[in-house]
Amino acid sequence: MNRFMNHTKSFADIIHAEKPVLVDFFTEWCGPCKMMAPVLKELKTKMGDKLTILKVDVDKSPEAAAAYQVQGVPTFVLFAKGQIKWRQSGAMPLQTLQNIIQQHL
């Protein structure tokens, strides 16, 4: 399912953790989503243990997409202790994404 996440925890457990969580709502067929995959991998390398990255395929988890009113993909939502701190749809450069996250750490 997701190489960034511990499969024993629920979505709610993960987003309510002490560590900030960036959720990537995506689909397999989305071009911009595919472009973001290496960006997210590099972000994980740069941020290390300061950030959890969780990928949610909206085709496989439509209830999660509906719960957060995800209308387009990719949509990124940054959670801190269960609270939404930032959200944006569309692909973006690594530096932009990293700067936004660091503002909320």
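Computed from a predicted model, the values in this text were never measured in an experiment.
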>> Is the shortest side-chain heavy-atom distance between Ile84 and Leu78 below 4.5 Å?
In response: no
> Ser61 side chain to Ala64 main-chain N or O, any donor-acceptor pair under 3.5 Å?
Replying inline: no
>> When you compare the side chain of Leu51 with that of Leu22, does any pair of heavy atoms fall below 4.5 Å?
In response: yes
> Do other residues, nucleotides or ligands put more than 12 heavy atoms under 6.0 Å from Gln83 CD?
Replying inline: no
>> Taking the side chain as everything from C-beta on, heavy atoms only, tell me whether Val39 gets closer than 4.5 Å to Glu42.
In response: no
>> Which residues pass the ring pair (Phe, Tyr, Trp, His ring centres under 6.0 Å) test with Phe79, not counting sequence neighbours?
In response: Tyr68
> Do Ile101 and Met47 have side-chain heavy atoms sitting under 4.5 Å apart?
Replying inline: yes
> Between Ile15 and Val23, is any pair of side-chain heavy atoms under 4.5 Å apart?
Replying inline: yes
> Can you find a heavy atom in the side chain of Val77 that is under 4.5 Å from one in the side chain of Phe25?
Replying inline: yes
>> Are the side chains of Phe26 and Met36 in contact, using a 4.5 Å heavy-atom criterion?
In response: no
> Is there a path from Val56 to Met35 through hydrophobic residues (I, L, V, M, F, W, Y) whose side chains come within less than 4.5 Å of each other?
Replying inline: no
>> Using only atom types and a distance under 3.5 Å, with no angle test, would you say the side chain of Thr45 pairs donor to acceptor with the backbone of Lys41?
In response: yes
